[in-house]
Amino acid sequence: MSVVDVERPAPPPVRTAPPAQRGVVAIGIAIAVVLGLAVANAAGWKMTVLYGVGLALGLVLFHSRFGFTSAWRQLITVGQGRAIRAHMLMLGVAAVLFAGILGSGFSLSGTPEPQLQTAGLGVVFGAFLFGVGMQVGGSCASGTLFAVGSGQTAIIFTLGGFIVGSVFTAFISPFIQSVQSVGPKVSLAETPLGYAGGVLITLVIIGVVVGVSLLVERRRTPPPIDQPPVAKGVLRALRGSWPLWVGAVLLAVLNAATLFVSGSSWGITSAFGLWGAKLLGWVGVDVFGAPFWQDPENAAKLTASVLTDRISVMDFGIMAGALIAAALAGSFTLHRKIPWRMAVGAVLGGILMGIGARFAGGCNIGAYFSGVASFSLHGWLWGVMAIVGTYAGVALRPLFGLGNPKPSDAVC
């Protein structure tokens with residue numbers, strides 16, 4: 001039978017979104033407003049704007065169900081590349097927007113800085129650990145935040161593990177820095193054409209990835225991606241699911257907005273170590289002895305309000321935005337019973353991601369998304385090694401009661 005004769009699985013049926021949970025929506029809005037006022041009081045208007053960007057990111061991540069963990073898992077298990085192609089759209093749009101901002105040398109917070117990191121041993125090791133952890137833990141960094149906000153209780157264990165792993169790295173920061181120093185810093189924008197050349201190189205790489213994904217998909221005939229419930233008409237913007245391409249474009253725009261307002265691109269995981277250190281301090285544990293917190297800049301963050309930390313404020317916004325979005329979609333649910341194997345896997349996965357993110361200089365957002373958009377070679381290396389780690393993580397998932405997509409499934 002030729003390739004064109006292969007019968008593809010039928011697309012999944014369209015489901016209608018349940019009614020909005022008005023009480024939860026009201027609670028979510030109240031939380032968002034109180035947090036916004038607290039941020040404005042503690043840190044001023046720029047941080048409040050970034051908090052608003054975080055709220056928007058939470059809405060977009062939930063409504064588009066924009067996944068990183070599931071995208072890599074679907075690609076390697078059954079050859080489904082639709083979500084990976086959405087990644088490439090996101091990266092391409094972000095690269096064009098970042099080129100304009102970085103090339104202009106102007107942001108609301110001074111000269112914007114690209115997320116340029118060493119493409120070497122730290123990324124290879126850290127991204128691999130992160131790839132294993134996100135499959136065992138059930139989510140990535142951005143996925144953890146919007147899943148917690150939308151009521152997926154099991155992911156709280158992942159967030160807890162994330163914090164534990166991040167706190168641990170503060171005690172071994174000199175070793176991490178020595179590993180990160182092995183390798184060169186390479187910017188694709190360092191061409192005769194400058195950022196225009198960086199955009200062209202990035203788009204060529206994106207084209208290759210898209211082509212490979214289409215080739216794999218054609219050969220393996222994967223099941224389609226399960227579609228979340230939708231609402232009809234204008235209500236879809238508030239209550240239903242959004243196409244992946246919409247999520248990709250909006251995430252790129254919001255990352256560029258973060259760069260323009262703050263002078264730095266979107267990141268997530270550095271806040272987890274700060275939260276953990278503050279929690280330990282509240283219960284009487286002295287964390288200032290950790291090498292990471294002996295650095296004057298880091299120590300200042302530890303003594304300041306968490307509402308003055310850019311990454312923390314945006315993380316809070318993502319969770320609040322996802323809470324409101326989930327309640328509007330009628331899908332906010334707290335799971336009271338979580339199988340112990342799944343809980344163990346979530347904690348272990350979170351720990352691996354917390355450690356991996358520090359070695360790699362970031363997570364799927366700070367290193368992969370923002371790194372590629374900043375024309376740093378380490379962003380692409382991070383993505384490759386995360387896929388390698390995904391292979392190992394997928395093999396470990398059944399040990400923790402987690403399933404993987406199969407070619408015979410009706411949907412991924």
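The minimum heavy-atom distance between A325 and L59, with the atom names listed, is CB-CD2, 3.5 Å. Nearest heavy-atom pair, I311 versus A271, reported as atom, atom and distance to 0.1 Å: CG2-CB, 3.8 Å. Contact detail for A248 and A86: the closest heavy-atom pair is CB-O, 3.4 Å. Between A32 and L55, the shortest heavy-atom contact is CB-CD2, 4.0 Å. Heavy atoms only, all atoms of each residue included: T69 and G138 are closest at CG2-C, 4.4 Å. Taking every heavy atom of both residues into account, A83 and A71 meet most closely at CB-CB, 3.4 Å.
The OG1 atom of T77 sits 9.0 Å away from the CZ atom of R397 when rounded to the nearest 0.5 Å. Going from atom OG of S265 over to atom CZ of F260 covers 15.5 Å, rounded to the nearest 0.5 Å. Atom CD of residue Q80 and atom OG1 of residue T221 lie 11.0 Å apart, to the nearest 0.5 angstrom. We find the CG-CZ distance between L259 and F98 to be 5.0 Å, quoted to the nearest 0.5 Å. Residue T269 holds its OG1 atom at 7.0 Å from CZ of F130, rounded to the nearest 0.5 Å. Summarising the geometry, atom CZ belonging to F171 is positioned 12.0 Å from atom CD1 belonging to I176; distances are rounded to the nearest 0.5 Å.
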Test log, rule side-chain contact (heavy atoms from CB on, under 4.5 Å), inputs V53 and M314: CA-CA 7 Å; V53 173; M314 293 188 68; 3.9 Å; yes

Run the side-chain contact (heavy atoms from CB on, under 4.5 Å) check on W242 and V60 step by step: do they pass? CA-CA 8 Å; W242 300 348; V60 173; 3.9 Å; yes

Please report the C-alpha distance between I206 and T202 in whole Å, then the side-chain angles of each, then the deciding distance to 0.1 Å, and finally whether the side-chain contact (heavy atoms from CB on, under 4.5 Å) criterion is met. CA-CA 6 Å; I206 287 172; T202 300; 3.9 Å; yes

Between S142 and N364, does the side-chain contact (heavy atoms from CB on, under 4.5 Å) criterion hold? Intermediate values first, please. CA-CA 8 Å; S142 55; N364 58 296; 3.3 Å; yes

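Under the 30°/60° scheme for interplanar angles, the aromatic rings of F375 and Y195 are found to be tilted.
Here the side chain of K46 pairs a donor or acceptor atom with the backbone of L108 at under 3.5 angstrom. Although no hydrogens or angles enter the test, the distance criterion places no donor-acceptor pair under 3.5 Å between the side chain of S370 and the main chain of A367. Judged purely by atom type and a 3.5 angstrom limit, T153 has no side-chain atom pairing as donor or acceptor with the backbone of L334. With hydrogens and angles ignored, the 3.5 Å screen pairs a side-chain donor or acceptor of Q21 with a backbone N or O of F332. Looking at K278, its side chain does come within 3.5 Å of a backbone N or O of L302 through a donor-acceptor pair. In this structure, S374 contributes its side chain and Q115 its backbone to a donor-acceptor pair below 3.5 Å. The backbone N or O of S109 lies less than 3.5 Å from a partner atom in the side chain of S107, making a donor-acceptor pair. In this structure, T308 contributes its side chain and A304 its backbone to no donor-acceptor pair below 3.5 Å. A side-chain donor-acceptor contact under 3.5 Å links Q294 to the backbone of G289. Side-chain N or O atoms of S70 include none that pairs as donor or acceptor with a backbone N or O of G67 at under 3.5 Å.
For the pair V394 and W72, the minimum side-chain heavy-atom distance is 4.5 Å or more. For the pair L159/I155, no side-chain contact is recorded, criterion being any heavy-atom separation below 4.5 Å from C-beta on. The shortest distance between side-chain heavy atoms of L200 and L193 falls below 4.5 Å. Counting only heavy atoms from C-beta outward, the side chains of Q135 and L402 never approach each other to under 4.5 Å. Proximity of F106 to T111: side-chain heavy atoms (C-beta onward) are nowhere separated by under 4.5 Å. Contact of the L399 side chain with the R341 side chain is not registered, since no non-hydrogen atoms from C-beta on lie closer than 4.5 Å. Residues F292 and R358 are not in side-chain contact: their nearest non-hydrogen atoms beyond the backbone lie 4.5 Å or more apart. Here the side chains of V372 and W382 are not in contact, with every heavy-atom distance at 4.5 Å or above.
S376 is linked by a side chain to side chain donor-acceptor pair (under 3.5 Å) to H378, counting only residues two or more places apart in sequence or in another chain. Residues passing the ring pair (Phe, Tyr, Trp, His ring centres under 6.0 Å) test with F62: none are found, sequence neighbours excluded. Listed by chain and residue number, S312 satisfy the side chain to side chain donor-acceptor pair (under 3.5 Å) test with W275 (two or more places apart in sequence, or in another chain). Listed by chain and residue number, F359 satisfy the ring pair (Phe, Tyr, Trp, His ring centres under 6.0 Å) test with F125 (two or more places apart in sequence, or in another chain).
Partner I201 forms a side chain to side chain contact (heavy atoms under 4.5 Å, CB included) with one of V199, L203, I205 and no other, that one being I205.
For Y368 and W380, the gap between ring centers reaches or exceeds 6.0 Å. Ring pair H87/F369: centre-to-centre distance not below 6.0 Å.
T144 and S139 share a donor-acceptor pair across their side chains, judged by distance under 3.5 Å alone.
Residue pairs meeting the salt bridge (charged side-chain N to carboxylate O under 4.0 Å, His left out) criterion with at least one partner in residues 294-313, sequence neighbours excluded, do not occur; the list is empty. Residue pairs meeting the salt bridge (charged side-chain N to carboxylate O under 4.0 Å, His left out) criterion with at least one partner in residues 162-178, sequence neighbours excluded, do not occur; the list is empty.
With a 6.0 Å radius and a threshold of 12 heavy atoms from other residues, nucleotides or ligands, F175 has its CZ atom at or below the threshold.
Remark: E217 engages R85 in a salt bridge, criterion side-chain N to carboxylate O under 4.0 Å.
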